[in-house]
A.B. asks: 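Below is one structure. I have some questions about it.
The chains referred to below are lettered A, B, ... by the order of the sequence lines, with proteins before strands, and numbering in each begins at 1. These figures come from a predicted structure and were not determined experimentally.
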Number of protein chains: 2
Amino acid sequence: MNQTKTSYHHGDLRSSLLDVATQLIAEGGVDALSMRKLADRVGVSRTAPYHHFTDKHALLSALAEEGFKAYEHSLRETMAGVSDPDEWLPCFAHWYLSFAQANPELYNLMFGQNVWKAGEPTEQLKGQAHGCFRRYVEMVSDWQQRGLIANDMDPLRFAQVSWSTLHGMSRLLLDGIYVDIKHLDEVVDLAISMFRAAGIKPQSTD
Amino acid sequence: MNQTKTSYHHGDLRSSLLDVATQLIAEGGVDALSMRKLADRVGVSRTAPYHHFTDKHALLSALAEEGFKAYEHSLRETMAGVSDPDEWLPCFAHWYLSFAQANPELYNLMFGQNVWKAGEPTEQLKGQAHGCFRRYVEMVSDWQQRGLIANDMDPLRFAQVSWSTLHGMSRLLLDGIYVDIKHLDEVVDLAISMFRAAGIKPQSTD
DNA sequence: AAACAAACTTGACATCGTCAATATAAAGCT
DNA sequence: AGCTTTATATTGACGATGTCAAGTTTGTTT
């Protein structure tokens, strides 16, 4: 499993880099990842990684891509185990926050400025992220057709708002602004009930 | 207005540093702010800033604190101009996103990992942030008493969820994940209607 | 005037991302 | 087989960064 690294050519540097990078990030956050330390850990010279990633930014993007794959895989696996349609929405919401909590650094990478703002995001990455979101919109449409949420809303808009809610909660949590993790489930539950109530008109006067 | 800087002692370094730092950040983001460049720009040696801020982190925290003051000031000013209670909630929501958009780098600082995760946040900063949130919870309570939103919800929980929504939208926008700024108002409007519908039970079978 | 503390400076160090030039190994062609 | 090309890895170097340590200048207190 480990690299033999007796020869000049490593043989499988690219994936080794990604592995060790994940490990380094898990140990001390994204800031703890430096190209030099990474190369050192893999057992290769400082600049060797640059033959596989043009940039540090490119490396991070690649990690984010893997994150999106893990995201979809985990999502699919979780949802597959839920047969009761009434549980789909709450299940998704709770799963989303669990995922963020379980992979905080990965989540940061996937949705952080690191990858999206500084230096244009890869086409591949953009595609993957958009794919994730598009699939979510489809889920929303499905929920609407099944009457789980109001169907007089633009599914895209509803997806945008609800995603924002989950993303915002995740961020507040991961960034350490929201320290009160004990009542997280309650917060998520209220969010879910708000999603369900969406589209219902409050009893108006006319 | 500009520093005279003929003497050895600057006289008002601390605030000059904050001013120029704000300027530098406005020019090229937080990443464009380096202690050395900052000192240089102010016309002082590299390490002079360290007599006023123990850390780069401390500097950023101080900036974030100013951000929170600006936040409250802007909020107060905006809300003061709205007499119709029905407009309070939508007004707040739209204002929130305007603020984030108008001061992207400041917003990043106020709610970003820079200040909250890496290196413990100052007590002062924590106090200010919590104060902001506490006041928001009070606003929510007020809305409930006026019947603008359902009053059978824990105001704290509602505040947490709605803040998450607004924060999440802001982040997606600022981080460049949400590119479609054209329809932002529509998204905010749906969020508002969801806030209003919250607490109302969907017509159930029993 | 002397002592002290605050504000500021220069010098230095380790770390970082990354370019250029070079060396080595593997693969392809004749 | 040898020769060439291409992919891969290395060392050296540069400029930038955050920040410590030791010294210098100024203002303040006694």
A.B. asks: Please give, in whole Å, the distance from C:dC8 C1' to B:R14 CZ?
C.D. replies: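 Distance check: B:R14 CZ to C:dC8 C1' gives 17 Å.
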
A.B. asks: Using the side-chain heavy atoms of B:T47, tell me which of these nucleotides is nearest: D:dG12, D:dA9, D:dC20.
C.D. replies: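 It is D:dC20.
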
A.B. asks: Could you tell me which non-hydrogen atom of A:V44 sits nearest to which non-hydrogen atom of A:P49, and how far apart they are?
C.D. replies: CG1-CD, 4.3 Å

A.B. asks: Is B:E123 paired with B:K126 through a side-chain N to carboxylate O contact shorter than 4.0 Å?
C.D. replies: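 Looking at B:E123 together with B:K126, the answer is yes, because their closest N to O distance falls below 4.0 Å.
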
A.B. asks: I'd like to check the salt bridge (Lys or Arg N to Asp or Glu O under 4.0 Å) partners of B:R135; sequence neighbours left out, ordered by chain and number.
C.D. replies: B:E72

A.B. asks: Among C:dT18, C:dT9, D:dT19, which nucleotide sits nearest the side chain of B:K56?
C.D. replies: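 For the B:K56 side chain, the nearest candidate turns out to be D:dT19.
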
A.B. asks: Report the residues that fulfil side chain to side chain contact (heavy atoms under 4.5 Å, CB included) with A:H183, sequence neighbours left out, ordered by chain and then residue number.
C.D. replies: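 Checked A:H183 against side chain to side chain contact (heavy atoms under 4.5 Å, CB included); matches are A:D180, A:E186, B:R157.
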
A.B. asks: Whole-Å distance between D:dG18 P and B:F53 CZ?
C.D. replies: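 Nearest whole value for this atom pair: 14 Å.
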
A.B. asks: Looking at residues 30-40 of chain B, who's got a heavy atom less than 4.0 Å off DNA chain C?
C.D. replies: B:R36

A.B. asks: With nearest nucleotide decided by heavy atoms, which residue, A:T54 or B:S45, maps closer to the 5′ end of DNA chain C?
C.D. replies: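 Per heavy-atom nearest nucleotide, the more 5' residue is B:S45.
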
A.B. asks: What is the separation between atom OH on B:Y50 and atom P on D:dT17, rounded to the nearest whole Å?
C.D. replies: 11 Å

A.B. asks: Roughly how many Å is it from CZ in A:R46 to P in C:dA21, rounded to a whole number?
C.D. replies: 17 Å

A.B. asks: By salt bridge (Lys or Arg N to Asp or Glu O under 4.0 Å), which residues pair with A:E105, not counting sequence neighbours?
C.D. replies: B:K117

A.B. asks: So, does A:H52 get its side chain near the phosphate of D:dA9, meaning an N or O under 4.0 Å from OP1 or OP2?
C.D. replies: yes

A.B. asks: Nearest heavy atom decides the nucleotide; on that basis, is A:D55 or B:A48 closer to the 5' end of DNA chain C?
C.D. replies: B:A48

A.B. asks: List the residues meeting salt bridge (Lys or Arg N to Asp or Glu O under 4.0 Å) with B:D142, not counting sequence neighbours, and say none if there are none.
C.D. replies: B:R146

A.B. asks: Could you state the atom-to-atom distance from NE2 of B:H57 to P of D:dT19 in whole Å?
C.D. replies: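 That distance rounds to 11 Å.
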
A.B. asks: Can you sort out the partners of A:R46 under salt bridge (Lys or Arg N to Asp or Glu O under 4.0 Å), two or more places apart, ordered by chain and number?
C.D. replies: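 Checked A:R46 against salt bridge (Lys or Arg N to Asp or Glu O under 4.0 Å); zero matches.
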
A.B. asks: Got a donor-acceptor pair under 3.5 Å from the side chain of A:H51 to the base of D:dA9?
C.D. replies: yes

A.B. asks: Nearest whole Å is fine: how far is C:dA26 P from A:L13 CG?
C.D. replies: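 In whole Å, C:dA26 P and A:L13 CG are 14 Å from each other.
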
A.B. asks: Grab the CG-C1' distance between B:D12 and C:dC8 for me, whole Å please.
C.D. replies: 15 Å

